[in-house]
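Comments concern the structure below.
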Amino acid sequence: MSTSPLVIAIDGPSGSGKSSTSRGVANRLGAAHLDTGSMYRAVACRVAHLGIDPKTNPSDAIEVARTCRLDIDTSADHDLVVIDGDDVTEEIRYPETSAKVSAVATIQPVRDALTARMRQIAANCGRIVMEGRDITTVVCPDAQVRVLLVADPAVRIARRQAELGEKVDMEQVIDSIVRRDRDDSTVSTFEQPAEGVTLIDSTRLNLEQVIDAVIGLVPQSLR
Ligand SMILES: Nc1ncnc2c1ncn2[C@@H]1O[C@H](COP(=O)(O)OP(=O)(O)O)[C@@H](O)[C@H]1O
Ligand SMILES: Nc1ccn([C@H]2C[C@H](O)[C@@H](COP(=O)(O)OP(=O)(O)O)O2)c(=O)n1
C-alpha cells in the first residue's frame, strides 16, 4: 500500500452515502477519514449548550467556531468528537442536532474558521478521505480525487429511515434531507459537480460498488 500523500474529497447531499463510502475507501487505502459535517454538528451543539441563538446572535456563534477546542478522531473505524472537553460523539447525531446545524453552517465566518481547521487536519494526516459539502470546491480543490456523490431524494430518505429504525419520525427525516439540502445549498454547491469533479450516482449501486468506483479514480501509484 502506498504511503504517498493523498487527499480524496467527497461531497454530496445528506444520505447520499458519503460517510459509509469515505470510511470504506479510507480503510482500503490506509488513509485517515474526516467527516467535516461532524465539525459543524459539534459547533452547533456547543452553541446550543451556551444558550446562543445563531440566527439572532451570529457573532457569538462565530466566536465559538473560532475559539473552541475541537478534538476529532480521524481513524477510519472509530468515532470521537470532543468540543471544549465535552464528548458530543452521540449528541451530534441526534435528529435535534441535524435540525439545528444548518443555522450555524450557513454563517460564512463560521465556515471560514472551520475550513482553516479542516485544512490543518488534512496537512497533519498526509493520506486522508474528507467528506462534506464543499471539500471538492473550497476546502481542498486541489485534491487528487474529487467526487460528488448523489442519489435520488426518495432513496436517501429511505436509507435514513432504515438507519434510524423504529424510532423514526418521518417528518424529522424528511426535514433532515429536503429542508436541510435546501438551506445548505445556499452556501455550498453540491448538486452539480464543479469542473474536474466526478459525479457518482449511488441510487442503484450498493456500498461496495460505490467504494470500488471511488478507488478506481485513485492513480495506481497512490493506492
Ligand atoms: N450505496 C448504498 N446503498 C445502500 N445503502 C447505502 C449506500 N450508501 C450508504 N448507505 C446507507 O445509507 C445510510 C446513509 O449513509 P451515510 O453514509 O450516513 O450518508 P451521508 O454521510 O451522505 O449522510 C446509511 O445507513 C448507509 O449504511
Ligand atoms: N463541508 C461541510 C460539511 C457539512 N456541512 C453542513 C451541512 C449539513 O447540514 C451539516 C452536517 O453535515 P453532515 O455531513 O453530518 O450531514 P449528513 O450526514 O450528510 O446528513 O453540516 C457544510 O455546510 N459543509
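Counting from 1, the numbers follow the sequence of the chain as shown. Note that the coordinates shown come from a computational prediction; the quantities given were computed from them, not determined experimentally. Counting starts at 1 for both ligands and their atoms, following the listed order. Computation of the quantities below employed the complete heavy-atom set of this structure, encompassing side-chain atoms and omitting hydrogens, waters and symmetry-equivalent molecules.
Judged by distance alone, the side chain of Asn206 and the main-chain N or O of Gln209 form a donor-acceptor pair under 3.5 Å. Side-chain atoms of Arg146 do not come within 3.5 Å of backbone N or O of Thr198 as any donor-acceptor pair. Within the 3.5 Å criterion, the main-chain N or O of Val147 finds no donor-acceptor partner in the side chain of Thr136. Side-chain atoms of Gln172 never come within 3.5 Å of backbone atoms of Asp169 as a donor-acceptor pair (strictly under, hydrogens ignored). Judged purely by atom type and a 3.5 angstrom limit, Asp84 uses its side chain to pair as donor or acceptor with the backbone of Arg69. Under the 3.5 Å distance criterion, the side-chain polar atoms of Asp11 are left unmatched by any main-chain donor or acceptor of Leu148. Looking only at distances, no side-chain donor or acceptor of Lys18 sits under 3.5 Å from a matching main-chain atom of Ile10. Without hydrogens or angle criteria, Thr97 side chain to Glu91 main chain gives a donor-acceptor distance under 3.5 Å.
Only the side chain of Val210 comes within 4.0 Å of ligand 1, judged by heavy-atom distances. For Pro13, every heavy-atom contact with ligand 1 shorter than 4.0 Å involves the backbone, none the side chain. The part of Arg160 lying near ligand 1 is the side chain, judged by heavy-atom distances below 4.0 Å. At a heavy-atom cutoff of 4.0 Å, ligand 2 is contacted by both the backbone and the side chain of Ser14. For Lys100, no heavy-atom contact with ligand 2 is shorter than 4.0 Å. Contacts with ligand 1 closer than 4.0 Å are made by backbone heavy atoms (N, CA, C, O) of Leu205 only, the side chain lying farther away.
Neither side chain, Arg127 nor Thr3, offers a donor N or O lying under 3.5 Å from an acceptor on the other. If you check the side chains of Ser202 and Arg159, you find a donor sitting under 3.5 Å from an acceptor. The closest side-chain donor-acceptor pair between Arg156 and Thr203, if any, does not fall under 3.5 angstrom. Checking Glu131 against Ser19 by side-chain atom types alone, a donor-acceptor pair falls below 3.5 Å. If you check the side chains of Ser98 and Arg41, you find a donor sitting under 3.5 Å from an acceptor. Side chain to side chain, Ser2 and Arg223 fail the donor-acceptor criterion of an N or O pair below 3.5 Å.
Applying the 4.0 Å criterion to heavy atoms of Lys18 picks out, from ligand 2, the atoms 14 (O), 19 (O). When each atom of ligand 2 is checked for a heavy atom of Asp184 under 4.0 Å away, the hits are 7 (C), 8 (C), 9 (O). With ligand atoms numbered from 1 in the order given, ligand 2 contributes 6 (C), 23 (O) to contacts under 4.0 Å with heavy atoms of Ala105. Ligand 1 places these atoms under 4.0 Å from at least one heavy atom of Glu163: 13 (C), 14 (C), 24 (C), 25 (O). Within ligand 2, the atoms closer than 4.0 Å to a non-hydrogen atom of Ser102 are 9 (O), numbered from 1 in the order shown. Of all atoms in ligand 2, listed by their number and element, those nearer than 4.0 Å to a heavy atom of Arg111 are 22 (C), 23 (O), 24 (N). Residue Val101 approaches ligand 2 through these ligand atoms, each under 4.0 Å from one of its heavy atoms: 9 (O), 10 (C), 21 (O).
Summary of contacts: the protein heavy atom closest to atom 21 (O) of ligand 2 is Tyr40 CB, 3.5 Å. At the shortest separation from atom 12 (O) of ligand 2 among protein heavy atoms lies Gly37 CA, 3.5 Å. Counting only heavy atoms of the protein, atom 3 (C) of ligand 2 lies nearest to Thr36 OG1, 3.3 Å. Nearest protein heavy-atom contact of atom 27 (O) of ligand 1 is Ser20 OG, 3.9 Å. Of the protein's non-hydrogen atoms, Arg41 NE, 2.6 Å is the one closest to atom 15 (O) of ligand 2. Looking at atom 19 (O) of ligand 1, its nearest protein heavy atom turns out to be Gly17 N, 3.1 Å. Closest protein heavy atom to atom 21 (O) of ligand 1: Ser19 N, 2.9 Å.
Counting heavy atoms only, Arg133 comes closest to atom 14 (O) of ligand 2 of the residues Arg133, Met130, Glu131. If you check each of Met39, Arg160, Arg180, Arg156 against atom 16 (O) of ligand 2, the one with the closest non-hydrogen atom is Arg180. The residue among Arg156, Arg23, Arg159 with a heavy atom at the shortest distance from atom 7 (C) of ligand 1 is Arg159.
A heavy-atom separation below 4.0 Å is not found between Gly12 and ligand 1.
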Problem set entry | Full working for side chain to side chain donor-acceptor pair (under 3.5 Å) between Thr106 and Arg111 | CA-CA 8 Å; Thr106 48; Arg111 304 190 68 76; over 6 Å; no

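Annotation: Ser14 places no N or O atom under 3.5 Å from an N or O atom of ligand 1; distance criterion only. Among the atoms of Asp134, some N or O lies under 3.5 angstrom from an N or O of ligand 2.
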